[in-house]
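Below: one structure, written as structure tokens.
Below, read A as the first sequence line, B as the second, and so on, with proteins coming before strands; counting in each chain starts at 1.
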Amino acid sequence: MLQSKLFPKTQKQAPRDEISANAQLLIRAGFIDKLMAGVYTFLPLGFRVLKKIENIIREEMVGAGGQEILMPALQPKENWDKTGRWETMNDLYRIKDARDKEFALGPTHEEIIFPFLKKTISSYKDLPVYVFQIQNKFRMELRAKSGLLRGREFLMKDFYSFHANENDRDRYYDLMIDIYKRVFARAGVGKETYFTFAPGGTFSKYSDEFQTVTEAGEDVVHICDKCRKAINNEIFREQRKCPQCGKSDFRKEKAIEVGNIFKLKNKFAEDFDLKFKDKDGHEKFVITACYGIGLGRLMGAVVEVNHDDKGIIWPEAVAPFRIHLLLLNNELRIKNKADELYKDLQKAKIEVLYDDRDDVSAGEKFAEADLIGIPYRVVVSEKTAAQNKLEIKKRNEAKARLITKKELLKYV
RNA sequence: CGGGCCGUAGUAUACCGGUAGUACGCAUGCUUUGGGAGCAUGUAGACUGGGUUCAAUUCCCAGCGGCCCGACCA
């Protein structure tokens with residue numbers, strides 16, 4: 001990608017009223033644009049990051065046997081009446097069309113997937129079923145906040161598993177815990193993310209969360225460093241010992257919930273009469289669990305955890321590009337070298353953002369490169385050309401060094 | 001939803017009951033090119049509605065919007 005064509009430009013100053021690092025940096029660097037509180041447009045750079053995150057999640061979900069589907073955001077009120085959530089869910093968007101017919105904008109999809117399964121499941125032979133989608137959710141947050149961390153419309157991966165018995169469900173649930181850990185490790189927040197014992201909701205007493213430690217977080221967790229397990233502050237009173245090692249040696253931190261998984265009691269199966277005929281000829285309720293990850297929130301958490309005073313420091317797996325190539329001199333012989341390198345990198349299938357602009361000072365290019373935060377910065381200038389080398393610097397390291405093109409292609 | 005703070009060019013800000021100023025940006029020209037460059041000339045602005053007043057961007061009220069704290073959050 002040529003930076004001369006990249007849309008939009010970066011900004012020197014963050015909007016005054018944004019406090020959180022993810023909002024400030026992502027807006028300044030041109031990754032996102034705020035339409036209103038909690039609702040964002042993902043611009044070319046931000047969209048690339050979102051897609052990287054999405055693909056990591058998709059790969060892992062498919063690896064777990066999940067089959068991807070896409071359910072509607074526009075949903076009939078009747079489904080929500082059946083579970084009672086039309087009345088009880090505070091943050092449900094309830095809308096009316098011109099005929100006064102009422103609909104929900106989906107905040108989650110139990111009300112859709114359960115009745116669908118009802119049409120297709122009749123025998124234990126039809127189970128288990130693993131389905132997921134990556135789709136925009138709507139929640140009427142009374143207080144959207146902290147950039148991407150709490151939105152009203154946001155991309156979420158929701159995964160639903162359906163089983164013939166609790167053993168099978170529990171086995172699968174444990175597998176999913178490991179898969180979730182892998183997702184967060186790949187996204188670059190593995191070190192800061194803790195598997196957390198947490199309160200449930202209306203339909204189960206407890207749930208499990210994945211909490212990424214950051215000052216911008218809105219939850220408080222108590223961490224057992226020995227086991228890398230945490231307990232959500234909301235249930236710390238009833239659970240004062242580490243579920244793993246039994247000790248009560250905790251570190252208290254603020255954290256953001258990037259993932260939440262829970263075993264469902266029979267609530268939805270009963271509401272939608274989701275039963276199957278077991279081997280023994282008896283009708284039984286299908287046993288289920290749900291697994292969610294907020295993609296935008298995860299992207300925000302990645303920025304909260306990986307930035308400095310100059311800008312974002314993207315982990316390689318989710319960075320919008322791998323190399324940021326800067327041309328610091330407009331002389332044709334030097335520009336030719338950079339152009340050629342750009343082509344070679346593209347040929348090698350290395351994602352590169354090439355700052356080819358001829359009307360921007362070197363200082364500005366450096367400052368923007370730091371702000372945007374692409375992992376490898378490669379400079380072509382008079383200095384490097386004189387030695388027939390390139391300068392390379394990692395965004396998370398202080399020092400640059402000179403290498404040959406051959407070395408570069410091998411290195412990145 | 002309760003509390004607090006705040007709405008002035010694209011962005012960040014200043015002043016003011018009587019002609020709204022600065023910086024960045026943007027445009028043009030020249031110079032410059034290893035850390036958000038220099039000079040010159042331009043460009044562009046008071047959230048909405050009501051009230052007070054000879055006069056309101058300024059004061060008052062309401063609405064709308066934003067951020068922060070809290071509550072809420074399958």
Ignoring hydrogens and angles, does a donor from either the side chain of Asp370(A) or the base of G35(B) sit under 3.5 Å from an acceptor on the other?
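Result: at least one qualifying N/O pair found.
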Side chain of Glu364(A), base of G35(B): donor and acceptor closer than 3.5 Å?
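No pair found.
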Whole-Å gap separating [atom2] ([N]) and [atom1] ([X]):
{"X": "Ile19(A)", "N": "G66(B)", "atom1": "CD1", "atom2": "C1'", "value": "11 Å"}
{"X": "Asp17(A)", "N": "G4(B)", "atom1": "CG", "atom2": "P", "value": "19 Å"}
{"X": "Met36(A)", "N": "C64(B)", "atom1": "CE", "atom2": "P", "value": "15 Å"}
{"X": "Arg150(A)", "N": "G66(B)", "atom1": "CZ", "atom2": "P", "value": "16 Å"}
{"X": "Leu371(A)", "N": "C24(B)", "atom1": "CG", "atom2": "P", "value": "19 Å"}
{"X": "Gln24(A)", "N": "G66(B)", "atom1": "CD", "atom2": "C1'", "value": "14 Å"}
{"X": "Lys34(A)", "N": "G65(B)", "atom1": "NZ", "atom2": "C1'", "value": "10 Å"}
{"X": "Asn233(A)", "N": "C72(B)", "atom1": "CG", "atom2": "P", "value": "13 Å"}

Which residue, Phe268(A) or Glu391(A), contacts RNA chain B at a nucleotide closer to its 5' end, judged by nearest heavy atom?
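Nearest-nucleotide comparison on RNA chain B picks Glu391(A).
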Of Ala400(A) and Leu264(A), the one whose closest RNA chain B nucleotide lies more 5'
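Looking at RNA chain B, the more 5' nearest nucleotide goes with Ala400(A).
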For [N], what is the paired nucleotide under Watson-Crick or G-U wobble rules, both distances under 3.5 Å?
{"N": "U58(B)", "value": "none"}
{"N": "C5(B)", "value": "G66(B)"}
{"N": "U22(B)", "value": "A12(B)"}
{"N": "U41(B)", "value": "A27(B)"}
{"N": "U53(B)", "value": "none"}
{"N": "U32(B)", "value": "none"}

Atom [atom1], compared across [N] and [M]: separation rounded to whole Å:
{"N": "C26(B)", "M": "G10(B)", "atom1": "P", "result": "15 Å"}
{"N": "G25(B)", "M": "C15(B)", "atom1": "P", "result": "24 Å"}
{"N": "C47(B)", "M": "U13(B)", "atom1": "P", "result": "15 Å"}
{"N": "G70(B)", "M": "G35(B)", "atom1": "P", "result": "43 Å"}
{"N": "C6(B)", "M": "C60(B)", "atom1": "P", "result": "11 Å"}
{"N": "G66(B)", "M": "A12(B)", "atom1": "P", "result": "15 Å"}
{"N": "A40(B)", "M": "G45(B)", "atom1": "C1'", "result": "24 Å"}
{"N": "U57(B)", "M": "A46(B)", "atom1": "P", "result": "10 Å"}

Run Asp308(A) and Lys310(A) through salt bridge (charged side-chain N to carboxylate O under 4.0 Å, His left out) and show every step you take.
CA-CA 5 Å; Asp308(A) 61 17; Lys310(A) 292 199 175 97; 5.9 Å; no
Would you say [X] places a side-chain N or O within less than 4.0 Å of OP1 or OP2 belonging to [N]?
{"X": "Lys9(A)", "N": "C26(B)", "result": "yes"}
{"X": "Arg143(A)", "N": "C69(B)", "result": "yes"}
{"X": "Ser361(A)", "N": "U33(B)", "result": "no"}

Touch check for [X], heavy atoms < 4.0 angstrom, all strands: base, sugar-phosphate only, or nothing?
{"X": "Lys383(A)", "value": "base"}
{"X": "Thr83(A)", "value": "nothing"}
{"X": "Asn329(A)", "value": "nothing"}
{"X": "Leu328(A)", "value": "base"}
{"X": "Lys310(A)", "value": "base"}
{"X": "Leu326(A)", "value": "nothing"}
{"X": "Arg377(A)", "value": "base"}
{"X": "Glu368(A)", "value": "base"}
{"X": "Thr10(A)", "value": "base"}
{"X": "Pro107(A)", "value": "nothing"}

If you only use heavy atoms from C-beta on, which nucleotide in [options] is closest to the side chain of [X]?
{"X": "Ala37(A)", "options": "C67(B), A12(B), U33(B)", "result": "C67(B)"}
{"X": "Ala362(A)", "options": "U13(B), G36(B), G34(B)", "result": "G34(B)"}
{"X": "Lys12(A)", "options": "G66(B), C72(B), C24(B)", "result": "C24(B)"}
{"X": "Ala367(A)", "options": "G66(B), G36(B), U11(B)", "result": "G36(B)"}

Could you tell me how the ring of Tyr172(A) sits relative to the ring of Tyr130(A): parallel (under 30°), tilted (30 to 60°) or perpendicular (over 60°)?
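Taking Tyr130(A) first and then Tyr172(A), their aromatic rings lie parallel (interplane angle under 30°).
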Aromatic plane relationship, Tyr291(A) with Tyr180(A) - under 30° parallel, 30 to 60° tilted, over 60° perpendicular:
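Answer is tilted, since the angle falls between 30° and 60°.
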Could you check, using the six-membered ring where one of them is a Trp, whether Trp314(A) and Phe31(A) have ring centers closer than 6.0 angstrom?
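Centroid distance Trp314(A)-Phe31(A): below 6.0 Å, so yes.
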Can Glu60(A) and Arg182(A) be said to form a salt bridge (charged side-chain N to carboxylate O under 4.0 Å, His left out), step by step?
CA-CA 8 Å; Glu60(A) 294 294 343; Arg182(A) 212 154 58 217; 2.9 Å; yes
Do [X] and [Y] come close enough that some side-chain heavy atom pair is under 4.5 Å?
{"X": "His109(A)", "Y": "Phe114(A)", "value": "no"}
{"X": "Leu117(A)", "Y": "Val129(A)", "value": "yes"}
{"X": "Thr288(A)", "Y": "Arg169(A)", "value": "no"}

Output yes when Asp225(A) and Arg251(A) qualify as a salt bridge under the 4.0 Å nitrogen-oxygen rule, no when they do not.
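So Asp225(A) pairs with Arg251(A) through a salt bridge.
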